[in-house]
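Labels below follow one simple rule: chain letters A, B, ... track the order of the sequence lines, proteins then strands, and each chain is numbered from 1. This one's a predicted model, so the numbers in the text were calculated from it and none came from an experiment.
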Amino acid sequence: MGKRSVIPFGPQHPVLPEPIHIDLVIEDEKVVEAIPSVGFIHRGLESLVDKRDYNQMTYVVERTCGICSFQHGMGYCEAMEHVFGVDVPARAKYLRTIWAELGRMHSHLLWLGLLADGFGYENLFYQCWRVREKVLDMQEMTSGGRLIFSVNKVGGVIKDIEKEKLDIILKTMDEVEEELTVIKDTFLLDYSVQSRLQGVGIVTKEQAHDLGCAGPFARASGIRTDMRKLGYAAYPDLDFEPIISATGDSYARCYCRIMEIFQSIDLIRQAIGKIPNETDLFTPVKGNPDGEYFMRVEQPRGEAVYYVKASGKQYLDRFRVRTPTFANLPGLCEMLKNTQLSDVGLLVLTIDPCISCTER
Amino acid sequence: MANVKRSPWLLHYDGSSCNGCDIEVLASLTPVYDAERFGVINTGDPMQADIFLITGGVNTQNAKTVKQLYDQMPRPKVVVAVGVCACTGGVFKDCYNILGGADTVIPVDIYVPGCAARPQAIIDGIVQAVELFEKRSKEHDEKVRSQKKGSEVA
């Protein structure tokens with residue numbers, strides 16, 4: 001047995017722009033235990049329900065995370081719509097689906113870039129972010145904001161995407177698909193990348209199930225979980241299957257996310273093909289909310305849970321978010337055991353951590 | 001700008017932001033916006049950094065970290081607060097755990113507005129920071145020179 005020592009990782013670390021602190025107990029070069037400590041980014045967002053009414057909360061909830069901002073707003077609004085018992089117009093549901101899938105694409109492309117930077121392919125990092133800018137341009141064109149675009153409201157959406165803009169989105173999707181096909185080969189077929197990712201950080205199906213992992217992290221271990229199948233927004237009308245992989249290593253996680261980008265492109269095409277022509281974009285809600293609801297949404301990183309509770313007042317009684325990274329942290333700590341110290345940076349990246357979601 | 005003698009290096013720290021400004025900071029360093037054409041480069045080491053980009057407000061736990069990162073940077077240094085949360089606390093100002101903007105713990109020189117701050121605005125902030133850094137390093141050089149002279153006379 002070698003001598004044990006502790007190496008601190010973060011909160012400021014070159015590989016990860018987000019503040020998480022992990023104490024790595026190492027024995028020679030091998031990690032024996034990983035102890036996370038959080039709280040560097042806790043804001044206390046949920047407590048703002050005392051000061052903001054249910055409509056203003058939409059804007060606060062969107063700022064839980066800047067990457068999956070639209071999906072946070074969507075989850076909250078869907079929960080509130082169930083409390084009010086209103087039906088959202090069909091066009092608004094399709095618009096939400098299109099924006100949500102655009103968000104998933106830019107989040108996964110961002111992650112692919114960071115992964116490439118993590119294993120030292122700087123040019124590949126730039127290529128991924130170059131493609132990502134095209135998706136961001138679509139978000140800016142349709143809503144006016146690059147990342148945080150407040151288009152959700154309780155009852156529907158506040159902006160429409162016109163026919164011409166939908167055509168531009170379709171054209172851009174073709175371009176993105178073409179460029180992504182080239183990038184994909186480097187991630188999946190390159191010899192050096194394979195030897196860096198394959199067999200590293202294995203989480204078995206049983207482990208992933210026991211530790212309650214979510215999203216692509218769980219799907220890479222072979223668990224068929226996808227909250228989109230529960231049928232919110234326009235997903236019940238669209239045809240798709242969750243992408244799963246059986247091996248559960250870093251390579252499988254990379255594979256799942258790349259394939260999900262192609263899936264998102266397909267879903268956007270389907271949604272644009274089926275979108276109904278309506279002028280109504282939202283159903284007006286009247287009065288104050290009364291009741292509670294539990295909403296589950298599939299975010300780029302996995303399953304997010306929103307809980308709202310209201311008692312006939314303008315302000316909610318309670319609002320709670322459980323974000324996917326929170327569910328994935330136990331999986332990460334389990335995965336870090338018995339790995340080499342030099343792999344830690346990359347392994348932390350492979351769960352696609354979003355610490356600002358986690359700590360809210 | 002023309003007489004910058006050395007390339008100032010950037011240090012980026014995510015205070016308690018929502019990630020929106022963070023990824024815009026990263027996006028402004030990638031070739032599409034390419035802040036690196038102004039001579040700056042991103043570094044992970046505070047001891048080699050000249051310009052400190054901070055996103056998000058300061059809370060009770062990270063106040064110490066922000067202060068420590070600032071203290072580790074060599075003089076002269078410039079601080080840029082990116083995004084409305086780093087400027088004033090923004091939408092989270094009323095949260096129980098937020099102390100306020102970045103200027104509650106460290107002196108901030110340049111404020112970049114926006115939620116999330118756009119890459120164009122961030123680049124504008126960086127260019128101003130480079131100018132300020134140049135001015136400060138000149139003053140710093142003169143100060144060091146006069147101190148050296150003083151010690152020689154004594």
Next on the checklist: Between B:T30 and chain A, with a heavy-atom cut-off of 4.5 Å, which part of the residue counts as in contact: side chain, backbone, both or neither?
Outcome noted: both
Item to check | Proximal component of A:E140, with respect to chain B [non-hydrogen, under 4.5 Å] | outcome: side chain
Checklist entry - Hey, is CD on A:E178 packed in by over 12 heavy atoms from elsewhere, all under 6.0 Å? => result no
Checklist outcome for this item: If one checks every heavy atom of A:F125 against chain B at 4.5 Å, the contacting part turns out to be side chain
Checklist entry - Between A:E177, A:H108, A:K184, which is the residue that forms a side-chain contact (heavy atoms from CB on, under 4.5 Å) with A:I261? => result A:H108
Checklist entry - Quick check, are the ring centers of A:H42 and B:Y96 under 6.0 angstrom apart? => result yes
Item to check | Positions in residues 71-83 of chain B that reach chain A, provided some heavy atom is under 4.5 Å away | outcome: none
Checklist entry - Can you name the residues that form a salt bridge (Lys or Arg N to Asp or Glu O under 4.0 Å) with B:D103, not counting sequence neighbours? => result none
Item to check | Atom group of A:L48 that falls short of 4.5 Å from chain B, counting heavy atoms | outcome: side chain
Item to check | Distance-only side-chain donor-acceptor flag, A:D23 / A:H21, under 3.5 Å | outcome: yes
Item to check | Over all atoms of both residues, closest heavy-atom pair of A:R257 and A:F217 | outcome: NH2-N, 4.4 Å
Checklist entry - Which residue out of A:L136, A:D50, A:V60, A:L45 racks up the most heavy-atom pairs below 4.5 Å with chain B? => result A:L45
Checklist entry - chain A heavy atoms under 4.5 Å from B:A63: which part of the residue, side chain, backbone, both or neither? => result neither
Checklist entry - Would a distance-only check, ignoring hydrogens and angles, find a side-chain to backbone donor-acceptor pair under 3.5 Å from A:T325 to A:C354? => result yes
Checklist entry - On the ring face of B:F92, is A:R43 found with NZ or CZ under 6.0 Å from the centre and within 45° of the axis? => result yes
Next on the checklist: Let's test your reading of the structure: which of B:V91, B:D94, B:V32, B:N62 forms the most heavy-atom pairs below 4.5 Å with chain A?
Outcome noted: B:D94
Next on the checklist: Given heavy-atom pairs under 4.5 angstrom as the criterion, report whether the side chain, backbone, both or neither of B:T55 touches chain A.
Outcome noted: neither
Next on the checklist: For a quick test of reading the model, state the closest non-hydrogen atom pair linking B:C18 to A:I148 and the distance between them.
Outcome noted: SG-CD1, 3.9 Å
Checklist outcome for this item: Residues of residues 108-116 of chain B with a heavy atom under 4.5 Å from any heavy atom of chain A, in residue-number order, are B:C115, B:A116
Checklist entry - So, A:T58 and A:N152: side-chain donor and acceptor under 3.5 Å apart, yes or no? => result no
Item to check | Distance flag, aromatic centroids of A:F70 and A:F149, threshold under 6.0 Å | outcome: yes
Checklist outcome for this item: Applying ring pair (Phe, Tyr, Trp, His ring centres under 6.0 Å) to A:Y54 and not counting sequence neighbours gives A:F84
Item to check | Exceeds 12 heavy-atom contacts within 6.0 angstrom, atom NZ of A:K313 | outcome: no
